[in-house]
Amino acid sequence: MNRNLLFCFGVVFVALLLPVSIFNIGEATPEWSLFWQVRTYFVTYSGMVSMILMSLCIILSVKHWPVVRWPIEKWLGGLDQQYRLHKYLGISAAFSALFHWASFLSDDFAMDLGFVTLKDETFPFWTLVEALGDPAQLIGEYGFYFTAAFVLIAWIKKFKHNVFQFSHKLFPYLYLLLVLHMVMFFDASLWLTFPGLVLLMTSTLATVGSLLTILGFNGKQKRYPAKVERFTPMNNGVEVVLKVDPQNSREFQFKPGQFAFIGFGDKERAHPFSLASACHRDGTVRLLIKANGDYTNALINSLKVGQAAQVEGPYGCFNFDDEAKQHIWFAAGIGIAPFLTAIEAVGKNKTVSLYYSFREKESALLAELKQRAIEAGVDLHVRDTTSQSRFASEEIISNVQDINQCSVWFCGPSELGKRLERDFAKAKLPSKAFHRELFEFR
Ligand SMILES: Cc1cc2nc3c(=O)[nH]c(=O)nc-3n(C[C@H](O)[C@H](O)[C@H](O)COP(=O)(O)OP(=O)(O)OC[C@H]3O[C@@H](n4cnc5c(N)ncnc54)[C@H](O)[C@@H]3O)c2cc1C
């Protein structure tokens, strides 16, 4: 089974079953039969687990947490990694919601099969649940269906990116409805238990996060107006130079390897692109954009000098900042973009070997790369994979002077990155010394 899927099952399994022995949660009315006691436990606890996971998922989707945002991003290794964890939490939350729903329905099956009889619901909490039952249950039921649908849309890459984004836009509203479902059904006496407090804290933060997103504040603090200063068509792409509004250009500072969400004044949601030039005080920002799909294809043909744009960022921790003496950089295709900012800044201070493989030959870019590599003393290896063989991992590893004093920075197709990471792990590179920029958030 897929490793990520196993991870998600694992999270749900541990979250659901481990606390049984640690926390005595959801004590059912003792005179009920064992079936009702177990069912009550699972319905309550799986509901709590799925809300905690869903809340964490929402918390991580917020780019703009005024005080703590940077430490969270830094701790997780960048916004791309933060979004990956957000994805796994979303999938795990859907699994536990499925468990919650199945536990809830288990009494119908058990009664239909004649295994159990109705429980005595004179206990005040259960009387209240009966009274609120229908609307709260309906919200929960449809909330579950929509959550499952959104997770499938995010998961199955066959759905177009704009369908994925639309479903993500709806999710904060859905989350608020699920909070309502939780408040209506949750046994008030449980709020002051340890898991109840965790649920309270995470769902409060996620409610604030959902409101920030709905009101359009998610990332707003880091948005700067800009204009297209010039652009040059490239082989299957375009090089764009933006100029951030002079009033904001001092504020907009970034480090080598970081990226930003760029909007071009159209209806499309901003897309992430690496900042492919060093940070200039005059606010110019260079982007290398490859025609990767519908939007980028259309953009290349519609760009105009002077066109309004918007830069939101910088984000990311692919910033070459470590103590390693030797750096191995590997770029494939448009993955060269984050390295272009780093050549001078990092290349002059460390021993750097840059491996660049490409299929769409861009002579101007290659000439620039070669020139800058010579100036910075970077050992550059280039390979055109339409006519030459790919770089083999062994070839790269054989150039490493001391595996314990080295770090690897990769940007390119994810399968290639995974293979390189595996091969470096076999060569005993510590796992934290391998850095991979994820060019996809899904
Ligand atoms: C951190 C990061 C840095 C990147 N840097 C560069 C770069 O320097 N140059 C470059 O050419 N490309 C870069 N990309 C990839 C670029 O964002 C996508 O190629 C582009 O958004 C494709 O959009 P599309 O609608 O044309 O293609 P689609 O066919 O719609 O999408 C192709 C793939 O691009 C991704 N994508 C699409 N829209 C978005 C969006 N709004 N937000 C996030 N991902 C999206 C999805 O994974 C999708 O599967 C980067 C991506 C990330 C995550």
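The chain is numbered in sequence order, starting from 1.
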| task | Please confirm whether the backbone N or O of S92 pairs with a side-chain atom of S96, one donor and one acceptor, at under 3.5 Å? | result | yes
| message | Under a 4.0 Å threshold between the charged nitrogen and the carboxylate oxygen, would R383 count as salt-bridged to E395? | response | yes
| query | Angle class for the F186/W191 ring planes (parallel below 30°, perpendicular above 60°, tilted otherwise)? | reply | perpendicular
| message | Whether the side chain of R286 engages the backbone of E239 through a donor-acceptor N/O pair (distance < 3.5 Å, no angle test) should be reported. | response | no
| Backbone N or O of L60 within a donor-acceptor pair of the Q82 side chain at under 3.5 Å? | yes
| task | Could you tell me whether the side chain of E437 and the main chain of C411 form a donor-acceptor pair under 3.5 Å? | result | no
| For V43, does its backbone N or O pair with a side-chain atom of H100 as donor and acceptor, under 3.5 Å? | yes
| OH-CG distance between Y45 and L190, expressed to the nearest 0.5 angstrom | 10.5 Å
| query | Parallel, tilted or perpendicular for W409 and F318, by the 30°/60° rule? | reply | perpendicular
| Can you say whether the rings of F330 and F410 are parallel (under 30°), tilted (30 to 60°) or perpendicular (over 60°)? | tilted
| field | Sidechain N-carboxylate O distance under 4.0 Å for D322, K432 | value | no
| message | Looking at R419 and E415, is any side-chain nitrogen of the basic one under 4.0 Å from a carboxylate oxygen of the acidic one? | response | no
| said: Side chains of S55 and Y175: any donor to acceptor distance under 3.5 Å? | reply: yes
| message | What I'd like to find out is whether the side chain of P314 reaches to under 4.5 Å of the side chain of Q253, using heavy atoms alone. | response | no
| field | Any donor-acceptor N/O pair, E73 side chain to G316 backbone, under 3.5 Å | value | yes
| task | Ignoring hydrogens and angles, tell me if any N or O in the side chain of T385 forms a donor-acceptor pair with the backbone of F358 under 3.5 Å. | result | yes
| Salt bridge present between R223 and E312 (N-O < 4.0 angstrom) | yes
| field | Verdict with supporting geometry, K227 and D245, salt bridge (Lys or Arg N to Asp or Glu O under 4.0 Å) | value | CA-CA 7 Å; K227 281 205 158 54; D245 187 79; over 6 Å; no
| Parallel, tilted or perpendicular for F261 and F259, by the 30°/60° rule? | perpendicular
| message | Is it the case that over 12 heavy atoms from other parts of the model lie below 6.0 angstrom from the NZ atom of K243? | response | yes
| said: Does any part of the side chain of W101, heavy atoms only, come nearer than 4.5 Å to the side chain of E141, both counted from C-beta? | reply: yes
| said: Quick check against the 3.5 Å criterion: does N218 have a side-chain atom that pairs as donor or acceptor with the backbone of S61? | reply: yes
| message | Once you measure the plane-to-plane angle for H271 and Y295, does it fall in the parallel (<30°), tilted (30-60°) or perpendicular (>60°) bin? | response | parallel
| said: Tell me whether the rings of F185 and H181 are parallel (<30°), tilted (30 to 60°) or perpendicular (>60°). | reply: perpendicular
| query | What distance separates I397 CD1 from L420 CG, expressed to the nearest 0.5 Å? | reply | 7.0 Å
| message | As a test of understanding, state which of L288, I289, T296 forms a side-chain contact (heavy atoms from CB on, under 4.5 Å) with V238. | response | I289
| said: Just by distance, no angles: are the side chains of Y355 and N399 close enough, under 3.5 Å, to form a donor-acceptor pair? | reply: yes
| field | Backbone N/O of L340 and side chain of R372: donor-acceptor pair under 3.5 Å | value | yes
| said: Please tell me whether E375 and Q371 have a donor and an acceptor in their side chains that are separated by less than 3.5 angstrom. | reply: yes
| Are side-chain heavy atoms of Q310 and Y224 found at a separation under 4.5 Å? | no
| query | Could you go step by step and tell me if Y356 and L369 meet the side-chain contact (heavy atoms from CB on, under 4.5 Å) rule? | reply | CA-CA 10 Å; Y356 176 43; L369 197 60; 3.5 Å; yes
| Distance (rounded to the nearest 0.5 Å) between S103 OG and R39 CZ | 8.0 Å
